[in-house]
Structures are given as C-alpha cells and as structure tokens.
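Structure first, then comments.
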Amino acid sequence: MFYHIFNLVFEGIVDMSMENKKLVEAITSMDEDFAQWYTDIVKKAELIDYSQVRGCMVIRPYGYAIWENMQKVLDGMFKETGHENVYMPMFIPESLLQKEKDHVEGFAPEVAWVTHGGSEKLAERMCVRPTSETLFCEHYSHIIQSYRDLPKLYNQWCSVVRWEKTTRPFLRTTEFLWQEGHTAHATFEEAQEETIRMLNIYARFYEEYLAIPVIKGQKTEREKFAGAQSTYTIECLMHDGKALQGATSHNFGDGFARAFNITYLDKDNQLKYVNQTSWGATTRMIGAVIMVHGDNDGLVLPPKIAPIELVIVPIAMQKEGVLDKAYELKEKLSKTFRVKLDDSDKSPGWKFSEYEMKGVPLRLEIGPKDIADNKCVLVRRDTREKVSVSLDNLQDEIAKLLDDIQKNLYNKALKLREEKTFETDNFEDFKNIIEKSPGFIKAHWCGDEKCEEKVKEETGATSRCIPFGESKRDGAKCIVCKKEAKELLYWGKAY
RNA sequence: CGGGGUGUAGCUCAGUUUGGUAGAGCGCUUGGUUCGGGACCAAGAGGCCGCAGGUUCAAGUCCUGUCACUCCGACCA
C-alpha cells in the first residue's frame with residue numbers, strides 16, 4: 001500500500017520534472033544526435049531558414065552579421081598584404097571552362113548550366129561559376145604583358161554554385177558565399193611564397209578570431225585541388241571528432257598559364273608563363289564555429305566575431321528607473337562594444353535562454369537592487385560564471401571578460417583537439433580509433449595512393465594533410481603496406 | 001546518385017490502420033497582472049492537410065506520380 005502510493009507520487013514527480021526539462025531544453029543534446037543538434041542550432045539561433053530552392057538556405061540577419069564580421073577581418077588582412085578586390089561575371093562559357101583539363105574534370109559533375117536567355121536558346125551554354133579560375137585566367141591573359149605588371153594580387157567576394165547531392169546549412173549548400181583570391185607572379189618561388197603567406201593568414205584568422213586551433217599542412221596528390229600543382233590546408237577538429245577543412249591555398253605553378261596563354265616579357269627579354277595561386281574561405285567557417293564552440297544550450301560565439309558582444313537584460317523593468325538606467329548603459333557601452341538592449345516584454349528568464357541560444361558572449365543584468373548599489377551583474381556564456389561589478393569600472397571589466405572568453409574558447413578547443421588526436425602504427429588500432437573515438441589520427445604513409453585509397457575504403461577516413469613542423473619518425477613504416485614511410489599524415493573522417 | 005525517415009496552423013506534432021464537420025500544445029494579436037533562469041489570467045486571429053493526377057456520392061485518410069526537407073553511404077569547400 002505504502003509502496004504503491006510512493007510509486008504514484010514518485011512517478012508524478014518524474015513526469016513533472018521531465019515536462020519541465022522539455023520546456024527548457026529547446027535543442028537536441030549533442031551527445032544524443034550531433035547532426036540534429038547542429039540543425040537545431042542553425043534554426044533556433046536564427047542563423048538560417050530553409051528556402052524553397054533546393055539545397056539553398058536563407059541566411060538571416062544574425063547569421064549574416066557573423067559572416068560580415070568574418071569578411072571585415074579577412075578583407076582587412078588581404079588588403080594589408082597588398083590585395084585588391086575585383087568582381088568577375090557569374091557565368092562561364094563552356095569553352096572557357098574547358099580550357100584546363102584537370103580543372104574541368106574536377107568540376108564538371110557539379111556545375112549548373114544556363115541554356116536559355118529569355119526564350120532563346122544560347123549558341124553556347126554557360127555554367128554558373130563553381131569557382132572563377134578560368135575567368136581570372138582569361139582576364140590576366142589580357143592585362144599581363146610585362147614583368148612590370150606582376151604580381152597581380154586580386155581577390156573577389158562572391159557566391160558560387162556547386163550542384164551538390166546532399167546539403168547541410170553552411171557545411172555544404174548548392175550556393176555558398178566565399179572569397180577567392182587569384183594571384184599571378186613572375187616565378188614559381190614567388191607563387192609559393194604567396195600560397196604559404198595566405199595559408200598563414202587563414203591560420204591566424206582561425207586562431208585569433210574564430211578561436212579555433214588549426215593544423216597547417218599540405219594535401220596529398222589525391223586530395224589536392226583540380227588543376228593545382230600543390231594544395232595547402234588548415235584542418236580543424238569538430239566536437240564530434242570529425243575534421244573540417246577550414247580554408248585552402250593552392251599553388252598552380254604555370255599550369256593554368258599554359259592553358260590560357262598568360263605570358264609576360266621578362267627583364268631578360270624572354271617570353272615566360274606566369275605562376276599563379278588561388279586561395280579561398282567560405283561560409284563554412286560559420287559551421288566550424290558552431291561545431292567547435294557550441295554546447296547543449298546553443299551557439300557559443302567568440303567575442304571577436306559575435307554580432308552582439310553584450311546583451312543588456314533589464315530586470316523588473318516596469319519599476320521606476322530601471323529602463324532609464326539600461327538605456328544609459330547601452331549608450332555608454334555602445335561606444336566600445338557591440339551592444340544590444342532587449343527591452344521587449346518577454347520575461348528575463350526567456351531572454352537569458354534566448355541569448356544563450358544565440359551564443360552572445362556576455363550578458364548584463366540590471367535591476368532595482370543593482371541600481372541601488374551602483375552595480376550590475378555580468379554573466380559569461382562560456383563558463384556561466386556570474387559576477388557583480390560596479391558600474392564605475394564597467395568598461396574595463398567587460399573588455400577583460402571578453403578577452404578572457406576569447407582565450408578560454410581557444411584553449412578549450414585546443415584541449416578538445418588534443419584529447420581527440422591519436423597516433424598509431426597499427427592498422428587495426430587505426431580502425432578501432434576511427435570507430436570508437438573519432439578524431440585526428442597521426443599515422444605514417446608510404447606515399448602510394450593505393451594505400452590512401454585502402455584506408456578510405458576500410459575506415460571511411462581520408463588523409464587530411466601532411467603537417468608542417470612535424471616530421472616523420474626515422475624508420476617508421478606505412479600504416480597499410482608496412483613499407484618504408486615517406487610522410488607522417490593526419491587522417492580523419494571529414495565534413 | 002543509392003538506402004531509410006518526414007511533409008497537416010508560424011513551430012512541434014495528433015488525426016491516416018477502418019474515407020464522412022480540421023485538432024492539441026507552444027508561438028502570434030489585444031487588454032490586464034508579473035519580472036534576478038524559458039510567468040499568469042481573459043478574449044481573439046490563424047489551415048487548398050507539400051504539389052499534380054486518379055478512385056469515390058464523399059479523400060488529410062486509398063492509388064499513381066512528383067517536389068522538398070532530413071538521416072546514413074558514394075562526390076565535394
């Protein structure tokens with residue numbers, strides 16, 4: 001009898017607590033279903049909406065603001081290193097696309113074709129650019145004549161279209177936003193220098209602004225860009241242990257120059273081919289930020305690229321003086337920080353959850369009690385830590401906290417990557433790791449593409465890069481064929 | 001491109017088995033009370049049941065086709 005009653009009561013409690021939990025837990029837990037967690041975040045943080053167009057998304061103001069912040073910083077870095085922005089057509093005539101053989105073969109399966117203008121069939125169909133190498137090359141062939149015209153350091157911000165089979169917001173969409181740098185140089189060495197310079201810029205951007213640690217390295221032959229002589233990459237690791245290519249930089253040598261006849265007359269009066277590079281980064285960076293820093297309460301944004309660094313939530317705002325004080329703080333703080341004051345009549349608790357979902361780094365609570373004490377409460381998104389601070393040195397306190405959050409996010413991400421990075425010489429171990437605790441695996445390789453292929457077939461992992469600054473161990477053997485190793489590689493399942 | 005899942009109100013979904021008046025919760029609007037972790041009361045607005053055919057007196061429900069989203073693979077940033 002007692003037991004029965006106890007059970008009923010107990011069940012009642014359990015039911016209630018679960019109901020409450022459901023109300024609060026707006027998104028799927030990342031441990032339960034990482035893919036669903038990701039989808040929940042992009043929608044609930046109001047980054048995107050799905051559109052009527054297959055595989056394409058609407059980037060909403062909050063999502064686009066993140067992109068604008070990324071653009072602003074990267075564009076500044078490009079300009080500092082002497083690059084100029086241009087804009088190329090979005091269409092490429094078929095004949096132009098086909099000039100470089102490897103390149104067209106790489107992209108042919110995923111281009112969209114325009115066949116009609118109005119109701120008239122075009123004499124030559126055009127593709128919607130999947131990337132603009134051919135257009136830049138065509139243009140360079142017109143404007144480069146002398147060694148005095150070099151180097152040409154161009155970049156463009158635009159969208160490109162690749163007809164992907166399956167799509168996911170930010171990670172892979174049919175149309176996506178990016179920047180593509182295209183440069184032309186007199187010598188191979190200069191092109192190589194540029195390739196690495198831009199790779200380093202991406203790495204710095206990831207680490208300093210996105211708070212994401214990266215592995216810099218070179219792609220293997222199998223993984224390199226269609227038409228490139230060598231491809232370099234920055235690789236980062238997501239929360240679920242999958243790798244994501246953060247940005248790439250390619251040295252084309254004179255391959256495209258030969259196909260497009262881009263020549264210049266050198267000092268020695270010899271006609272020579274230029275050497276080219278290209279490098280790009282995309283809205284996929286937003287996906288990286290989500291999957292590296294996000295948690296079960298939503299997005300977590302690094303302060304340096306957060307559209308809102310600080311949100312002010314007034315408490316008991318119908319009470320005399322609260323809103324006035326909140327407006328006053330907003331005005332003062334907006335001079336230094338990106339600030340939002342939420343004076344809507346939602347409850348404070350709702351606002352707390354909402355801005356946590358949106359990953360706003362800092363929350364400022366101001367209520368009657370604080371005002372009486374000349375204080376306010378600051379709450380960090382990353383650690384949930386609450387501090388009560390005097391209104392007198394608020395600016396300094398906020399600056400310090402934002403700086404600390406930025407650093408903490410980087411350190412947490414680095415720690416996560418270290419925990420998920422393994423090294424092995426044994427193929428069976430390799431398979432086990434990939435299956436049971438996915439992450440980066442460092443393993444030696446003989447240089448044969450067949451071994452690379454075998455790893456992919458049997459484990460699903462691909463080679464991510466030949467890392468800079470980490471050399472192979474003397475006498476090490478290939479993880480697959482056990483022959484003498486040529487390189488140490490990072491491997492992993494990738495997005 | 002192959003395999004699975006899902007399309008009904010802005011969102012999450014019930015209703016489909018067995019055809020017969022279009023539903024719930026949340027959100028939204030208006031008014032009021034609240035406000036330091038997703039508040040409450042009252043009154044409202046809101047749907048061509050993804051789209052197109054077909055079967056039927058009658059289709060959200062049955063049949064055929066198609067489109068989109070999503071997950072898992074192959075391809076890619």
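Every chain is numbered from 1 and lettered A, B, ... according to where its sequence line falls, protein lines coming before strand lines.
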Below 3.5 Å is the cut-off: list the nitrogen or oxygen pairs between protein and nucleotides 66-68 of chain B, distance only.
{"unit_1": "B/rA68", "atom_1": "OP1", "unit_2": "A/Arg54", "atom_2": "NH1", "d": "3.4"}

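- Separating the CD1 atom of A/Ile41 from the P atom of B/rC11 is a distance of 20 Å, rounded to the nearest angstrom.
- Atom CD in A/Gln36 sits roughly 8 Å away from atom C1' in B/rU70 (whole-Å rounding).
- As rounded to the nearest Å, B/rU66 and B/rG44 have C1' atoms that lie 39 Å from one another.
- Comparing the P positions of B/rU21 and B/rG60 gives an interatomic distance of 10 Å, to the nearest angstrom.
- Take A/Asn374 and apply the side chain to side chain contact (heavy atoms under 4.5 Å, CB included) test, not counting sequence neighbours, and it matches A/Ser390, A/Leu391, A/Asp392.
- Residue order along RNA chain B, read from the 5' end via each residue's closest nucleotide, puts A/Lys351 first among A/Thr174 and A/Lys351.
- When rounded to the nearest whole Å, the span between CD of A/Glu354 and P of B/rC35 equals 22 Å.
- A donor-acceptor contact closer than 3.5 angstrom links the side chains of A/Asp40 and A/Thr28.
- Under the side chain to side chain contact (heavy atoms under 4.5 Å, CB included) criterion, A/Glu356 pairs with A/Arg363, A/Arg381, A/Arg384, sequence neighbours left out.
- Taking atom CG on A/Leu378 and atom P on B/rG36, their separation rounds to 18 Å, with Å as the unit.
- With 3.5 Å as the limit, one finds no donor-acceptor pair spanning the side chains of A/Asn85 and A/Tyr154.
- As rounded to the nearest Å, B/rC26 and B/rC41 have P atoms that lie 9 Å from one another.
- No hydrogens or angles considered: nothing links the side chains of A/Asn69 and A/Tyr64 as a donor-acceptor pair under 3.5 Å.
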N/O to N/O distances under 3.5 Å, protein versus nucleotides 39-41 of chain B:
{"unit_1": "B/rA39", "atom_1": "OP1", "unit_2": "A/Ser347", "atom_2": "OG", "d": "3.1"}
{"unit_1": "B/rA39", "atom_1": "OP2", "unit_2": "A/Ser347", "atom_2": "OG", "d": "2.5"}

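- Listed by first then second residue, pairs satisfying salt bridge (charged side-chain N to carboxylate O under 4.0 Å, His left out) with a partner in residues 199-214 of chain A read A/Arg204-A/Glu208, not counting sequence neighbours.
- Contact annotation: A/Lys456 reaches the phosphate of B/rC75 (side-chain N/O to OP1 or OP2, under 4.0 Å).
- Considering only side-chain atoms of A/Lys319, the nucleotide from B/rG37, B/rC71, B/rC35 that sits closest is B/rC35.
- Regarding A/Ile48, its CD1 atom lies at a distance of 13 Å from the P atom of B/rC11, rounded to whole Å.
- Evaluation of atom-type donor-acceptor distances gives a pair under 3.5 Å for the side chain of A/Arg363 against the base of B/rG37.
- Looking at residues two or more places apart in sequence or on another chain, you find no salt bridge (Lys or Arg N to Asp or Glu O under 4.0 Å) involving A/Asp33.
- Taking the C1' atom of each, B/rC49 and B/rU8 are spaced 4 Å apart, rounded to whole Å.
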Applying side-chain hydrogen bond (donor to acceptor under 3.5 Å, both in side chains) to A/Ser278 and A/Glu133, what does each step give before you reach the verdict? CA-CA 8 Å; A/Ser278 88; A/Glu133 270 72 15; 3.0 Å; yes
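- By the salt bridge (Lys or Arg N to Asp or Glu O under 4.0 Å) test, A/Glu194 pairs with A/Arg197, sequence neighbours left out.
- When Watson-Crick and G-U wobble pairs are counted only if both distances are under 3.5 Å, B/rA39 pairs with B/rU33.
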Tabulate protein N/O versus nucleotide N/O from nucleotides 44-46 of chain B, keeping only pairs under 3.5 Å, one per line.
none

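- Atom NZ in A/Lys369 sits roughly 6 Å away from atom C1' in B/rG36 (whole-Å rounding).
- A/Arg380 pairs by the salt bridge (Lys or Arg N to Asp or Glu O under 4.0 Å) definition with A/Asp382, A/Asp404, not counting sequence neighbours.
- Among residues two or more places apart in sequence or in another chain, the salt bridge (Lys or Arg N to Asp or Glu O under 4.0 Å) test is passed with A/Lys442 by A/Glu470.
- For the pair A/Lys216 and A/Phe468, the cation-pi criterion (under 6.0 Å, within 45° of the ring axis) is not fulfilled.
- Atoms CZ (A/Arg172) and C1' (B/rU70) sit 15 Å apart, rounded to a whole Å.
- Base pairing of B/rA68: its partner is B/rU6, meeting the Watson-Crick or G-U wobble criterion (both donor-acceptor distances under 3.5 Å).
- Rounded to an integer number of Å, the gap from CZ of A/Phe176 to P of B/rC76 is 13 Å.
- Distance from the side chain of A/Glu110 is smallest for B/rC76 among the nucleotides B/rG37, B/rG36, B/rC76.
- Side-chain atoms of A/Asn251 come within 3.5 Å of backbone N or O of A/Gly253 as a donor-acceptor pair.
- Comparing B/rG37, B/rC69, B/rC71 by their nearest atom to the side chain of A/Tyr50 picks out B/rC69.
- Rounded to the nearest Å, the gap between the P atom of B/rA59 and that of B/rG2 is 34 Å.
- The closest donor-acceptor contact from the side chain of A/Glu180 to the backbone of A/Ser132 lies under 3.5 Å.
- Listed by residue number, the members of residues 158-167 of chain A with any heavy atom below 4.0 angstrom from RNA chain B are A/Arg162, A/Glu164, A/Lys165, A/Thr166, A/Thr167.
- B/rG50 and B/rC11 are spaced 13 Å apart, taking the P atom of each and rounding to whole Å.
- Listed by first and then second residue, the side-chain hydrogen bond (donor to acceptor under 3.5 Å, both in side chains) pairs that reach into residues 218-227 of chain A are A/Lys219-A/Glu235, A/Lys219-A/Gln245, A/Thr220-A/Glu452, A/Thr220-A/Ser463, A/Glu221-A/Lys224, A/Arg222-A/Glu453, sequence neighbours excluded.
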